[in-house]
Amino acid sequence: MNEHFRVGLSPDFLDESGRNVWGDIGLEALDAAGLPWAYLRGSGPDELPAADIAGYDAVLFAAPAVTERSFSDEIEPPLILARFGVGYDTVDLDACTRRDVVVTITPDGARRPVAASALAMLLALQHRIVVKDRLVRTGRWADKTRWMGTGLTGRTVGVIGFGSVASDFAALIAPFSPRVLAYDPHRTRESAAEQGAELVTLDELLATADAVLVMAALTPETHHLIDERALNLMKPGAVLVNVARGPIVHEKALSAALADGRIAGAALDVFEHEPLATDSPLIAMDNVILSPHAVSWTDEMSLGNGSSAITAILDVYKGRAPRFVANREVLERPGFRRRLAERAERSAA
Ligand SMILES: NC(=O)c1ccc[n+]([C@@H]2O[C@H](COP(=O)([O-])OP(=O)(O)OC[C@H]3O[C@@H](n4cnc5c(N)ncnc54)[C@H](O)[C@@H]3O)[C@@H](O)[C@H]2O)c1
């Protein structure tokens with residue numbers, strides 16, 4: 001065992017019985033590299049306090065926030081904080097950068113499971129699977145004639161945001177021979193075409209697509225991008241799927257559009273405020289499928305996120321800059337470069 005590089009895991013990975021709630025997250029890669037690892041003992045679920053991560057060179061974490069209180073002038077901070085997941089809104093990146101700590105995320109672990117989830121939600125919506133399940137359970141078998149589904153083959157599908165998840169989604173949906181439209185101001189027509197999509201304006205996408213899938217990053221520009229105006233542009237028979245981030249869709253406007261039959265249905269894994277309030281009008285709607293920001297939680301996601309985070313930790317252990325860095329400016333800081341160079345020397349020794 002290499003006692004000179006210790007890896008800590010945030011305690012939210014464990015349930016009350018001490019079982020890793022995510023299942024197999026690929027920890028054997030740390031064993032194979034001879035790196036000792038342990039679950040952090042004292043940490044509460046909300047925050048990573050400096051005292052708890054003291055003595056660790058790398059911390060793999062999922063839920064806890066990283067704040068100023070995660071650092072102390074008396075304690076050498078870890079070299080890497082590896083987030084299990086893609087969001088870092090609860091991580092004070094500036095505080096990490098000032099301490100020469102690199103923060104990584106795991107977009108390569110999430111892209112396939114999220115893309116597959118979007119397809120699962122779309123098909124469930126089109127085939128009315130949730131309603132049909134309820135018909136059987138409530139003895140309303142004969143009502144099935146009221147719930148004719150909509151086939152996906154040859155339809156027009158529009159993705160808002162054409163990044164990693166949307167690219168995988170375009171590949172997964174290809175056997176249905178759809179026309180795939182994409183709206184993404186940061187992509188070129190040529191690069192979208194290489195992945196089977198036509199780059200169009202937002203309005204053209206909304207007015208043409210039978211299914212609109214929200215797959216963009218949440219930014220000030222995409223906040224409420226799908227508002228009342230956007231929803232009014234959609235075809236009456238069209239459906240909306242959001243697996244990206246809740247605030248991209250104006251939820252009140254969406255509820256109204258669904259209630260009025262201006263669009264045919266929606267499948268939502270994410271919401272403006274999570275958890276979704278139990279008195280939300282969305283809850284009573286038969287043409288809506290809901291998931292608690294967990295539709296992509298599968299063994300594939302666990303292993304993908306874990307392996308990605310552990311790859312980042314092993315990179316840093318070897319003295320290499322990791323791939324998916326959330327605070328990229330840290331890579332240029334003399335203090336971080338010195339810490340990384342020292343690591344490279346110790347690993348080579
Ligand atoms: N539901 C989940 O559990 C889950 C899991 C992982 C990721 N996500 C979310 O899925 C989304 C996609 O993730 P990804 O890994 O593909 O990210 P990504 O960064 O690869 O892609 C995001 C895309 O959004 C585009 N974009 C930025 N501004 C835009 C704008 N104004 N209009 C349209 N597009 C714009 C970017 O150019 C980029 O191509 C993100 O919002 C991410 O947070 C959700």
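Counting convention: from 1, in listed order, for ligands and their atoms alike. Hydrogens, waters and symmetry mates play no part in the numbers below; they use all other heavy atoms, side chains included. The first residue of the sequence shown is numbered 1, and numbering continues consecutively from there.
- Contact of the Thr156 side chain with the Leu181 side chain is registered, since non-hydrogen atoms from C-beta on lie closer than 4.5 Å.
- Between Trp297 and Trp22, the angle of the ring planes lies from 30° to 60°, which puts this pair in the tilted group.
- With Arg245 as the fixed residue, the side chain to side chain contact (heavy atoms under 4.5 Å, CB included) test singles out one of Thr222, Leu218, Asp89: Leu218.
- Arg323 is linked by a salt bridge (charged side-chain N to carboxylate O under 4.0 Å, His left out) to nothing, counting only residues two or more places apart in sequence or in another chain.
- Between Asp315 and Arg343, none of the side-chain N atoms (NZ, or NE/NH1/NH2) sits under 4.0 Å from a carboxylate O, so this pair counts as no salt bridge.
- The protein residues lying under 4.0 angstrom from ligand 1, judged by non-hydrogen atoms, are Val86, Ala110, Val114, Gly161, Phe162, Gly163, Ser164, Val165, Tyr183, Asp184, Pro185, His186, Met215, Ala216, Ala217, Glu221, Thr222, Val243, Ala244, Arg245, Asp269, His293, Ser296.
- Within the 4.5 Å cutoff, side-chain heavy atoms of Val136 are placed close to those of Trp141.
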